[in-house]
> 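For reference, the structure I am asking about is given below.
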Amino acid sequence: MTTELSPDSLTGLLERARQDYQDLAGRGLSLDLTRGKPAPEQLDLSAELLSLPGGGRHTSADGTDVRNYGGLQGLVELREIFADVLQVPAEQLLALGNSSLELMHDCLVHALLSVVPGAESRWVDQERIAFLCPTPGYDRHFALCQRFGIDMIPVPMTPEGPDMDAVERLVAEDPAVKGIWCVPKYSNPDGVSYSDETVARLASMQAAAPDFRIFWDNAYAAHHLTDEPVEIADLLAACADAGNADRVFVFGSTSKITAAGAGVAFFGSSPANLKWLLANNAKRSIGPDKINQLRHVMFLRDADGVRAHMERQRALLQPKFEAVARILEAELGGTGLARWTDPKGGYFVTLEVPDGCAKEVVRRAADAGIVLTPAGATHPYGDDPRDATIRIAPSYPSLAELEQAMHGLTVCVRLVGYEQRAR
Ligand code: PLP
């Protein structure tokens, strides 16, 4: 990433960066690029949900009264809509509560406390358990591991998904490795989509643990930002074909399709895993919120309805991602101070700054009124050994605020980067 500079030009660049930073700090900004939340205009696209299912409608297609208890699998017509999106046959898909993160949490707790199909004992009875964490990754996955005392083993991400040589080796040699976190499409935070080869290797690799599970968090399955939607290979089918039918738990939700935190979450897996989860769920719930599920069916209608809705989401999001790319290129292109991703979907851009600079950039930005995700959050235990990765979440601020924040961020990168070079 380095570009050679003469001492004179470095002094000039540093002086300009200092001046720009002073101007920035004097502007009294209060901007937030932290969490990948939908903007109010995106939520407005689903405004109709607030008046559905409407006074007269309270039965699902098979005559179930959605106002009553029961229906642990969720409404079949909603599962049929999302079967296509999540690559899980409707009969192997459950429509459950309002959050997929909650489901991931529950699956970990259930696996700790009740034997998963194929396991010899409960995870809690084993001396040590570990998860592979493709890195950079989603901070809340890592937080779940920390919460339950699950060791995290970082595995580097590549443009095709996790480094599969490392994954295959670790999974084959260590029976304590019980799982891996995967965000297979438009990953959080670097927008990577897994290649067909990665999916095939995940499905067929040897696992030392008989109860090894892939936590396939397909959170951005329908969240395209270009005319060429990425399609990934079907891991659930590939696992079944490879004789590892129980290997994968698929998660997804409508949080970033309809209403964040008030959508519907899904779980897909093999018949044995479904039976296991349903039996465990039956102890904690007498049935999901089927009224919310019915309003989603009425609003989205079918898989084409989801696609059309996501096009409207894209129309709001794409200009923001374009602005991020444009400003980074204009302000940092050719400086040798940064590299960034150009995601084709999802919610994030990853900015890589010179080693040892990310924390300081985030600190300087905060001092100037621009809040960023803490540096390190993209890594297990909050520790980015190179201190180089910054996650940018462009969705929530207005375009004008985003542009201001991005200009400010590039000032901080120049300041910290040139200060480091001058040392
Ligand atoms: N998984 C990933 C990869 C995410 O980025 C997010 C939210 O940012 C979630 C899950 C949360 O999903 P939910 O709202 O369904 O709990």
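Index from 1, following the sequence. Each ligand, and each atom within it, is numbered from 1 in the order the structure gives.
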> Which heavy atom of the protein is the closest neighbour of atom 8 (O) of ligand 1, given with residue, atom name and distance?
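Answer for atom 8 (O) of ligand 1: Lys256 NZ, 2.6 Å.
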
> Test: ring pair (Phe, Tyr, Trp, His ring centres under 6.0 Å). Region: residues 66-98. Which pairs qualify, not counting sequence neighbours?
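Applying ring pair (Phe, Tyr, Trp, His ring centres under 6.0 Å) to every pair that reaches into residues 66-98, excluding sequence neighbours, yields Phe82-Phe266.
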
> Is Lys178 positioned over the aromatic face of Phe212, cation under 6.0 angstrom from the ring centre and no more than 45 degrees off axis?
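So Lys178 doesn't make the cation-pi contact.
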
> Closer than 4.0 angstrom, basic N to acidic O: yes or no for Arg201 and Glu197?
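Looking at Arg201 and Glu197, the cut-off is met.
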
> Give the residue, atom name and distance (to 0.1 Å) of the protein heavy atom nearest atom 5 (O) of ligand 1.
Tyr220 OH, 2.6 Å

> Can you sort out which atoms of ligand 1 are near Ala219, meaning under 4.0 Å from one of its heavy atoms?
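Heavy-atom distances to Ala219 below 4.0 Å select 1 (N), 2 (C), 3 (C).
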
> Any idea which atoms of ligand 1 are less than 4.0 Å away from a heavy-atom of Ser253?
13 (P), 15 (O)

> Considering only non-hydrogen protein atoms, determine which one is nearest to atom 9 (C) of ligand 1 and report residue, atom name and distance to 0.1 Å.
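Going atom by atom, the protein heavy atom closest to atom 9 (C) of ligand 1 ends up being Tyr138 OH, 3.4 Å.
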
> Can you tell me the protein heavy atom closest to atom 14 (O) of ligand 1 and the distance?
Ser255 OG, 2.6 Å

> Which is closest to atom 1 (N) of ligand 1 by heavy-atom distance: Val264, Asp139, Asp217, Thr254?
Asp217

> Using a 4.0 Å heavy-atom threshold (strictly under), name the region of Leu101 that reaches ligand 1: side chain, backbone, both or neither.
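Both parts.
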
> Against Ile257, only a single residue in Gln42, His296, Gln313, His309 fulfils side-chain contact (heavy atoms from CB on, under 4.5 Å); can you say which?
His309

> Between Leu43 and Thr258, what is the shortest heavy-atom contact and its length?
CD2-O, 3.8 Å

> For Phe348, what residues pass the ring pair (Phe, Tyr, Trp, His ring centres under 6.0 Å) criterion, not counting sequence neighbours?
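By the ring pair (Phe, Tyr, Trp, His ring centres under 6.0 Å) rule, Phe348 matches no residue at all.
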
> Which atoms of ligand 1 are found less than 4.0 Å from any heavy atom of Ser99?
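Those atoms are 15 (O), 16 (O).
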
> Where's the contact between Phe251 and ligand 1, heavy-atom distance under 4.0 Å: side chain, backbone, both or neither?
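Neither; nothing of Phe251 gets under 4.0 Å from ligand 1.
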
> Tyr220 ring centre to Lys185 NZ or CZ under 6.0 Å, with the angle to the axis within 45°?
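Negative - Lys185 is either too far from the ring of Tyr220 or too far off its axis.
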
> Can Arg284 and Asp106 be said to form a salt bridge (Lys or Arg N to Asp or Glu O under 4.0 Å), step by step?
CA-CA 10 Å; Arg284 76 178 277 283; Asp106 286 359; 3.3 Å; yes

> Considering heavy atoms of the protein only, find what lies nearest to atom 12 (O) of ligand 1 and give residue, atom and distance to 0.1 Å.
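Checked against all protein heavy atoms, atom 12 (O) of ligand 1 sits closest to Ser100 OG, 3.2 Å.
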
